Amino acid sequence: MPPTSTNLVERLASAVGGGRVRSDVATLAAYAVDEVTPGAVVKPASAEEAAEIVRLAIAENLGVVPAGGRTKMGIGMPPMRYDIALDMTALNQIAHYDPGDLTVSVDAGCTLQSIDAALTLQKQFLPLPQGFGEQCTVAGTIASGVDAHWRQFFGTARDFLIGAEFIDGTGARCKSGGRVVKNVTGYDLHKLLIGSLGTLAIITRLNFRTFPSLTSAESQAGIFVAAFPDARGAVAFRQNIAASPFTPDAVELLSPELSKLFAEFRPRSWEKQVTPLSTWFSRSQWNVVVCFHGTPDLTARYVTALNQRAESAGAVAMHALQSAALDSAGGAGEELASLNARISGTARFLRDASAGAAIFKIAQLPAKLPELFAGLAEIAAKANVPHAFCARGVGAVYFALLPKDPAPYPSAAVAAVAPTQQEVIAMDAGLSEQALADLSRACGSIFDLCSKQSATAFIQFAPAALKRRVNVFGPERSDAAAMRRLKSAFDPRNIFAPGRVFT
Amino acid sequence: MNSDLIRELKALLGPAAVLSLPEELLMYEYDGSIEKSLPDAVVFPSTTQHVSSIVKIANKYDVPIVGRGAGTGLSGGAIPRAGGLMMVFARMNRVLSVDYENLRAVVQPGLVNAELTRAVEHAGLYFAPDPSSQKSCTIGGNVSENSGGPHTLAYGVTTNHVVALQLVMPDGEILRIGNPHGDALGYDLCGLFVGSEGTLALVTEITVRLCRKPEAVKTLLAIFDSIDDASETVVDITARAITPAACEMMDGWTLRVIEDYVHAGFPLDSAAVILLEIEGLQESVEAQAAAIEEVCLAHHAREVRLARDAHERDLFWKGRKNAFGALGRIAPCNYVLDGVIPRSKLPQTLRRIYEIGKAYDLRIGNIFHAGDGNLHPLVLYDPRTPGKLEAALAAANEIIRYCVEVGGSLTGEHGVGMEKSELMPLIFSDDDFALMRRVHDAFNPNASLNPAKIFPLGKGCGEIRVRHTGVHGTPSAPTLTPVAGALHTAQNETVVTPR
């Protein structure tokens, strides 16, 4: 990347004010994506300022990558051009909230935490994934396309994102959808922003339908965990629930290796400490976690029914917990919070298990999971790479290859710094050539396996070094041309994160 | 229409699958909206390969194509703007496969919505989107329009139930998008194509999610002496975050018309009723029914009636789903709107609708999906009385503008088609249109599929290819509906076959 001319920094500053443009080395490093650093970081104060930057980028043919809390910048391929990091965190207002309509409209840079705080006051919430850290922004979450464990009940963002405002690749401020829960006026362009990794448009505002809190005066949340000696029992339990009238919020199958990580989890020094739960997750066994909510008589029925169904599927240990309030001091509330921290943070557990972690997200029909599990385990064993994984009951599998080389991550040094800087440090923790070769071969085998089993797969998180050998989206697919046409409709000059999704 | 084209189509499909005589085409001049427009020929493909070949042949003769299911749509989506070829999917009406374990079905676009549920209900499963016309409308049409229905309040509209599509693109290419699981890899192409009103591709195969029938169902009819009380009840149910599976409202006048036709047992002297359905686990249904009854009584409901059995439940729903048919019996013409508003704005919007009716001296009935703020005001009028059509159009326009003003939108489930295309600038800016246009052109660059829909005609539409060549090869002048003329009377929502 050629050094950005002072000139550019000046021109950016004239668009948004000098205080909003930075080009010092430390700042640039903090916005690196897969070891590619931007020429400048700009933090617009408004959607219009952001559009100004985009227009400038168009005029000068500069690559722009939007950024929020920067917790998931590594998803996708490295950008081919990355001149401007467009930090959207200054757009952080809740623009419109109509609790009576259960709809909310939020600026791109709002953190999930701040939205949650506002919604909680009205006993509502948004079922977006909360496990990626407190600095996560709403637009970053949508653009990353990450899902949450409670999708089993609430669906994914495509089911509750009802509208968006964004800047397209011509610098125009556009919108799609609206603030109403049912709407077929115009093309559903906002759905395309989900998982677009900043390659289609710069999101400035998002509209959602909201949901009643899981816990309230009338409703309580519950968690049930059952341990099984093998995958077969865990899958049978899932099938048994699926064939029942029950509609749990989440059903998560944890491989023995992930169960161990859950059991041994200790929060980092700067994080809220939680109750250890070593007794909840059997280290060498499969565990199935079921989350549910409802009136006390309903949750009681859940516990009874889940106990029976788990037992008949061969469970060897079972735990259940219900609580009227998550934040009640001590006891059940603490334990529930501690459980939730694990269940919502699966991706983080997998990422933290190795600096070289390559984590696949595989979408497969649930009844075909046993076959997939067997194939994945075989590949990992053959490559001699440890693995751990979580399979959501709806068939989204997070499968992590966890190379032992180099030192386990996070090292003590890494654990001592704030989360956003960890990404940078993690990149330095390179793998040996041999380890990389083994890893990329295993990745290729996983793509082959998934294609044979009609599952779709991509590598959601991987070290930059691996991306130089493997395309994280796998082999070219038949709909790739359609995707490229869409990309050029939104971004005719190819300035938004070029190369991050399809090259 | 070019006789060589007809000959080629007949050679491909057989003579019975191609209609081109004027009297044969009359059946296809209508959909469920009031728009009327004749195609130049109608073809009935039986396979995806047919569809692809037809597209290629039509391209050779530069003739546009409009796709059609059962023609029950309410926005002019399934009739041509100006001639061309109509592709009717009636012969592609099979359930191709059902995966009971994973709750998926693969169907052809011409399959009637209710037929899918009928095919899987023996296993306790059903297809959730349930438009009022579900006994006649097709799933292909549902996909094109992203159709809703009463129960979409809890279960979502069509797009929430479609995981993969097989498409025939405007150049004849056969393309598969999405996957059986449903999580998009890359951009969510299914999310774009569902609801694109046939303007981007023709749908030839649909993979849908199936749902498991709930353990318990309760159907309640809450009866009110005041419309305000009824709409305040809906607001309160929403605000208390009670989530019924369906929450439908009917005003007293509409109710009496329906009762006269359906004999559902609706109270004839009420001002409004709310039809509520609660589904789920026994405990949750009990708790929600109690909460709903409490809210209704707090808002002065005269009575909250629980459907005693499946028979009474079906009767209530028959009344709701045949409402438009009932209304068709009493007014020469009615124009059904599809505005959608934030649910908190329901009472004021309903008041405004009645005021507008009064100002124009028109009867406006209201029967609608209250729970998701999707209004269906029915403007009734007699076009033989001078000035009434214009008054109906002006009233409709004012209602839609008000919906937009309170933060709502033009259409909740019927689609834009040609009926509402001229209203689109109420919502979208030139920049929005420019982007939608580029997306349109990325897939349908020559506007050879369903031209001149969705986009307002005045908005620099390169797509408006009004290349009408006339049925018998005589070029005829294009007739593009003017703004006001785009809004006429609507037909019965449950029409089975277009007349």
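To find a chain, count down the sequence lines: A is the first, B the second, and so on, and within it residues start at 1. Predicted model only: the values in this text are computed from it and were never measured.
- In this structure, the portions of A:Phe490 lying under 4.5 Å from any heavy atom of chain B include both its backbone and its side chain.
- Nearest heavy atoms, A:Ala367 versus B:Asn102: N-OD1, 2.7 Å.
- Only the backbone of B:Arg176 has a heavy atom closer than 4.5 Å to any heavy atom of chain A.
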Does the side-chain contact (heavy atoms from CB on, under 4.5 Å) test come out yes or no for B:Val416 and A:Val184, once each step is laid out? CA-CA 8 Å; B:Val416 177; A:Val184 295; over 6 Å; no
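- Panel note: side chain A:Arg179, backbone B:Gly407; no donor-acceptor pair is recorded below 3.5 Å.
- Judged purely by atom type and a 3.5 angstrom limit, B:His181 uses its side chain to pair as donor or acceptor with the backbone of A:Val394.
- Atom CG of A:Asp168 and atom CG of B:Asp432 lie 9.0 Å apart (nearest 0.5 Å).
- Between chain A and the options B:Leu153, B:Leu200, B:Ile242, the largest number of non-hydrogen pairs under 4.5 Å is found for B:Leu200.
- Heavy-atom pairs under 4.5 Å with chain B peak, among A:Arg485, A:Lys123, A:Gln124, at A:Arg485.
- Residues meeting the salt bridge (Lys or Arg N to Asp or Glu O under 4.0 Å) test with B:Asp183, sequence neighbours left out: A:Arg151, A:Lys361.
- The contact between B:Val439 and chain A is made by backbone and side chain atoms together, counting heavy-atom distances below 4.5 Å.
- By number of non-hydrogen pairs under 4.5 angstrom with chain B, the leading residue of A:Arg477, A:Arg173, A:Gln239 is A:Arg477.
- Scanning both residues, B:Arg212 and A:Ser244, for their nearest heavy atoms gives CD-O, 3.6 Å.
- Comparing A:Ala363, A:Ala172, A:Pro212 by how many heavy-atom pairs each has under 4.5 Å with chain B, the most go to A:Ala363.
- Taking B:Gly195, B:Gly182, B:Gly186 one by one and counting their heavy-atom pairs under 4.5 Å with chain A, the maximum is reached by B:Gly186.
- Using a 4.5 Å cut-off between heavy atoms, B:Leu185 touches chain A through backbone and side chain atoms alike.
- In this structure a side-chain-to-backbone donor-acceptor pair under 3.5 Å is present from A:Asp101 to B:Arg343.
- With a 4.5 Å cut-off on non-hydrogen atoms, A:Ala481 does not touch chain B at all.
- For a residue to count as touching a neighbouring chain, one of its non-hydrogen atoms must lie under 4.5 Å from one of that chain's; by this rule B:Lys213 does not touch chain A.
- Judged purely by atom type and a 3.5 angstrom limit, A:Arg158 uses its side chain to pair as donor or acceptor with the backbone of B:Thr159.
- Looking only at heavy-atom pairs under 4.5 Å with chain B, the residue among A:Thr295, A:Leu486, A:Asp188 that has the most is A:Leu486.
- Here the CG-CG distance, from B:Asp188 to A:Leu189, works out to 11.5 Å after rounding to the nearest 0.5 Å.
- The shortest heavy-atom contact between B:Leu175 and A:Ser478 is CD1-O, 3.7 Å.
- Under 3.5 Å, the side chains of A:Thr185 and B:Ser409 contain a donor-acceptor pair of N or O atoms.
- Evaluation of the side-chain hydrogen bond (donor to acceptor under 3.5 Å, both in side chains) rule for B:Glu215 yields A:Arg301 as partners, not counting sequence neighbours.
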What's the verdict on side-chain contact (heavy atoms from CB on, under 4.5 Å) for B:Gln282 and A:Leu298, showing C-alpha distance, side-chain angles and the deciding distance? CA-CA 8 Å; B:Gln282 195 68 48; A:Leu298 183 61; over 6 Å; no
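- A distance of 8.0 Å separates NE2 in B:His161 from CG in A:Asp159, rounded to the nearest 0.5 Å.
- Atom-to-atom distance recorded for B:Met436:CE and A:Ser176:OG is 7.5 Å, nearest 0.5 angstrom.
- The shortest heavy-atom contact between A:Leu102 and B:Thr238 is CD1-O, 2.9 Å.
- Taking the six-membered ring where tryptophan is involved, the planes of A:Tyr187 and B:His440 are essentially parallel, since the angle between them stays under 30° and well short of 60°.
- Looking at every heavy atom in both residues, B:Pro180 comes nearest to A:Leu365 through O-CD2, 3.5 Å.
- By number of non-hydrogen pairs under 4.5 angstrom with chain A, the leading residue of B:Leu281, B:Thr152, B:Ile427, B:Asp236 is B:Leu281.
- To the nearest 0.5 Å, atoms CG (B:Leu435) and CD1 (A:Ile167) are separated by 12.5 Å.
- Here A:Lys175 does not pair with B:Asp431 in a salt bridge; the nearest charged N to carboxylate O distance is not below 4.0 Å.
- Counting heavy-atom pairs under 4.5 Å between each of A:Gln122, A:Lys182, A:Lys487, A:Arg209 and chain B puts A:Lys182 at the top.
- For chain B, the option among A:Ser213, A:Pro99, A:Ala242 with the highest count of heavy-atom pairs below 4.5 Å is A:Ala242.
- The nearest pair of heavy atoms linking A:Val180 to B:Gly408 is CG1-CA, 3.8 Å.
- Heavy atoms closer than 4.5 Å to chain B are found in the side chain of A:Asp98, but not in its backbone.
- With B:Tyr187 as the partner, the side chain to side chain contact (heavy atoms under 4.5 Å, CB included) test is satisfied by one option alone out of A:Met483, A:Arg484, A:Lys191: A:Met483.
- Both the backbone and the side chain of B:Asn160 come within less than 4.5 Å of a heavy atom in chain A.
- Using a 4.5 Å cut-off between heavy atoms, A:Phe160 makes no contact with chain B at all.
- Listed options B:Gly191, B:Ala442, B:Ser344, B:Gly412 were ranked by heavy-atom pairs under 4.5 angstrom with chain A; first place goes to B:Gly412.
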